[in-house]
Amino acid sequence: MSRILIIEDEAAIRRVLTKILSEESDTYSVEDAEDGIQGLEKIKNNDYDLVLCDIKMPKMDGVELLEAVKKIKPEIPMVMISGHGDMETAIQTMRLGAFDYISKPPDLNRLLNTVRNALDKKQLVVENKILKKKVSKNYEMIGESQAINHIKLMVDKVAKTEARVLITGPNGTGKELVAHQLHEKSERANFPLIEVNCAAIPSELIESELFGHVKGAFTSAVRDRAGKFEAADKGTIFLDEIGDMSLSAQAKVLRALQESMITRVGADKDIKVDVRVVAATNKDLKTEIAEGRFREDLYHRLAVILIKVPALNDRRDDIPLLIDYFTEKIATEQGIVPKSFSNQAVKLLQEYDWTGNIRELRNVVERLIILGGNEISETDVQLFASK
């Protein structure tokens, strides 16, 4: 049922709106309040999918109520009801976050269309939240070792700030998980997180990928194209494997960090961007600097906060938890009943040399689930988890 609250001081209009909506659909549950204060109290204590609110009311008018609701439950769409003399105020409420406004007396089709559209929007917001939670779950940092708890503490401290973060560690350790957690816990979480794998993009294309290009900038530039920095505006850009970035691209990234400005390839116009930069690398950037492959000034711009992700061999106590996590995840993905691992099997896996880190462990767990018995035994590990 979609719960709708009508806040209107004129009893006759409350009755008409309630009758129209109740007759329109048996999935609408309609309640009412006779003034803004009563309406606000109901909103605080209940979950509504839509609020229809008059603008001119005693005690608390619609504008004051709208501002109060946006602070406590911003996801609720509010449709304002305006008299003929309230049109300027109605437009002002749109700027304050109202979904729409309807005039008195309400046109039936306009009212019902607005209600349907507002409820559709609320449903999209709910679905996006669910999807975001699912995506977030894919980027959980699993483990209770001292090293992982230290990283979690660092993320909690740093996420709410605008500080740039450089994440280091071997391949397959989960550096991208740290980047996602930093974004999800930041004030920018409602804006994009744009990921760029600098090692996967040819050096001649990296600048276009990051900063965009204008039509005709090079042979294959058949139209203007925005880059990743523009796409990440107000959000976060994650530059993975930044140690593989060309020196010319490094210079442009440095300028973007210094001036919050980028220039598309082939253009002479600057574009202002508001982007938080999180970078990661599996290389020793100080060695890269000494050998002339990485800019020292860029390093110091990026490495405001350093987070080092340990190799799996340095956090073996987390392996049982990781096995449980991957077992459940793989079973869900493949639609099969989760299998269990014997204590001996887990102990043997803890003793392995995990050169491929967590990525390798996940592959081994999946192989054992497919090839092993109903309970994964020590023998299964010896047979199917060998290097």
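For reference, positions follow the sequence shown, starting with 1.
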Legend entry - Ion pair check, D32 and R15, cut-off under 4.0 Å: no
Legend entry - Candidate pair D244 and K283, rule salt bridge (Lys or Arg N to Asp or Glu O under 4.0 Å), full reasoning: CA-CA 9 Å; D244 293 278; K283 294 186 174 181; 3.1 Å; yes
Inset, instruction - Decide if atom CD of E291 counts as having more than 12 heavy atoms of other residues, nucleotides or ligands within a radius under 6.0 Å. - result: yes
Legend entry - Minimum side-chain heavy-atom gap V364-Y352 below 4.5 Å: no
Inset, instruction - Could you tell me whether R225 and E209 have a side-chain N and a carboxylate O separated by less than 4.0 Å? - result: yes
Inset, instruction - Working to the nearest 0.5 Å, report the span between CD1 of I262 and NZ of K228. - result: 13.0 Å
Legend entry - Separation of R295 CZ from L302 CG (nearest 0.5 Å): 11.5 Å
Legend entry - Whether D224 side chain and K215 backbone form a donor-acceptor pair below 3.5 Å: yes
Inset, instruction - Answer yes or no: is there a side-chain heavy-atom contact under 4.5 Å between I330 and V365? - result: yes
Legend entry - Stepwise side chain to side chain contact (heavy atoms under 4.5 Å, CB included) check, I13 with D54: CA-CA 10 Å; I13 295 179; D54 191 16; over 6 Å; no
Legend entry - Connected via hydrophobic side-chain network under 4.5 Å: L257 and I242: yes
Inset, instruction - Give a yes or no on whether the backbone of T161 and the side-chain of R276 come within a donor-acceptor separation of less than 3.5 Å. - result: yes
Legend entry - For the student: nearest non-hydrogen atoms of A189 and E184, plus distance: CB-O, 3.5 Å
Legend entry - L177 side, atom CG; I142 side, atom CD1 - distance, nearest 0.5 Å: 8.5 Å
Legend entry - Inter-residue atom distance R362.CZ - N357.CG, 0.5 Å rounding: 15.5 Å
Legend entry - Polar side-chain atom of W354 near backbone of A311 as donor-acceptor pair, under 3.5 Å: no
Inset, instruction - Determine, for D380 against K339, whether the closest basic-nitrogen to carboxylate-oxygen distance falls under 4.0 angstrom. - result: no
Inset, instruction - Check for a donor-acceptor pair, side chain of K160 on one end and backbone N or O of K185 on the other, with a separation under 3.5 Å. - result: yes
Legend entry - Verdict with reasoning, E162 to R188, per side chain to side chain contact (heavy atoms under 4.5 Å, CB included): CA-CA 9 Å; E162 290 294 298; R188 296 173 178 264; 2.5 Å; yes
Inset, instruction - Would you confirm whether K175, through its side chain, and G169, through its main-chain N or O, come within 3.5 Å as a donor-acceptor pair? - result: yes
Legend entry - Salt bridge R14-E8, side-chain N to carboxylate O under 4.0 Å: no
Inset, instruction - Answer with yes or no whether the hydrophobic clustering places V69 together with L66; edges join I, L, V, M, F, W, Y residues whose side-chain heavy atoms lie under 4.5 Å apart. - result: yes
Legend entry - Verify same cluster id: V273, V214 (apolar side-chain graph, 4.5 Å): no
Legend entry - Selection residues 213-270 - residue pairs positive for ring pair (Phe, Tyr, Trp, His ring centres under 6.0 Å), sequence neighbours left out: F211-F229, H213-F218
Inset, instruction - Please determine if R316 and E351 form a salt bridge, counting it only when a charged side-chain N lies under 4.0 Å from a carboxylate O. - result: no
Inset, instruction - Could you tell me which non-hydrogen atom of G243 sits nearest to which non-hydrogen atom of L285, and how far apart they are? - result: CA-CD2, 3.9 Å
Inset, instruction - Evaluate the side-chain proximity of V115 to I4: yes if any heavy-atom separation is below 4.5 Å, no if none is. - result: yes
Inset, instruction - For the residue pair I201 and M245, establish whether any side-chain heavy-atom pair is separated by less than 4.5 Å. - result: no
Legend entry - Pairwise side-chain contact, Q334 with E366, heavy-atom cut-off 4.5 Å (strictly under): yes
Inset, instruction - Output, in order, the C-alpha distance, side-chain angles, deciding distance and verdict of side chain to side chain contact (heavy atoms under 4.5 Å, CB included) for E67 and L96. - result: CA-CA 7 Å; E67 290 177 322; L96 293 172; 4.0 Å; yes
Legend entry - Note, L111 side chain near T114 side chain (heavy atom, < 4.5 Å): no
Inset, instruction - Determine yes or no for a side-chain-to-main-chain donor-acceptor pair under 3.5 angstrom, with H183 supplying the side chain and F191 the backbone. - result: yes
Inset, instruction - Please confirm whether the backbone N or O of M60 pairs with a side-chain atom of E64, one donor and one acceptor, at under 3.5 Å? - result: no
Inset, instruction - Find out whether P320 and Q350 are in side-chain contact, i.e. whether some heavy atom of one side chain is under 4.5 Å from a heavy atom of the other. - result: yes
Inset, instruction - Might you work through the salt bridge (Lys or Arg N to Asp or Glu O under 4.0 Å) test for R255 and D270, ending with a clear yes or no? - result: CA-CA 11 Å; R255 180 184 177 239; D270 292 335; 3.0 Å; yes
Inset, instruction - Check whether the side chains of S145 and D318 place a donor and an acceptor atom closer than 3.5 Å, and report yes or no. - result: yes
Legend entry - Nearest atoms (heavy-atom pairs only) where D61 meets I55: CB-O, 3.2 Å
Legend entry - Cluster overlap L65 with I76, hydrophobic side-chain contacts below 4.5 Å: yes
Legend entry - R3/E31 salt bridge by N-O under 4.0 Å criterion: yes
Inset, instruction - Could you tell me whether K59 and D9 make a salt bridge, using a distance below 4.0 angstrom between a side-chain N and a carboxylate O? - result: no
Inset, instruction - Of all the heavy-atom pairs spanning P77 and A118, show the shortest one and how long it is. - result: CG-O, 3.6 Å
Inset, instruction - Please answer: with hydrophobic residues joined when any side-chain heavy atoms are less than 4.5 Å apart, are L193 and M141 in the same cluster? - result: yes
Legend entry - Minimum side-chain heavy-atom gap I102-D107 below 4.5 Å: no
Inset, instruction - Answer yes or no: does atom CG of N45 have more than 12 heavy-atom neighbours from other residues, nucleotides or ligands under 6.0 Å? - result: yes
Legend entry - The single option from N282, T287, T281 passing side chain to side chain donor-acceptor pair (under 3.5 Å) against D284: T287
Inset, instruction - Look at the side chain of D274 and the backbone N and O of D233, then say whether any donor-acceptor pair between them is shorter than 3.5 Å. - result: no
Legend entry - Straight-line distance of I81 CD1 to E10 CD, nearest 0.5 Å: 10.0 Å
Inset, instruction - Step through the shown structure and confirm whether more than 12 heavy atoms of other residues, nucleotides or ligands are within 6.0 Å of NZ on K152. - result: yes
Inset, instruction - Without swapping roles, check the side chain of S208 against the backbone of L205 for a donor-acceptor pair under 3.5 Å. - result: no
Inset, instruction - Output, in order, the C-alpha distance, side-chain angles, deciding distance and verdict of side chain to side chain contact (heavy atoms under 4.5 Å, CB included) for K347 and V381. - result: CA-CA 10 Å; K347 186 176 179 183; V381 173; over 6 Å; no
Inset, instruction - First locate atom CZ of R116, then atom CG of N113, and finally report the distance between them rounded to the nearest 0.5 Å. - result: 5.0 Å
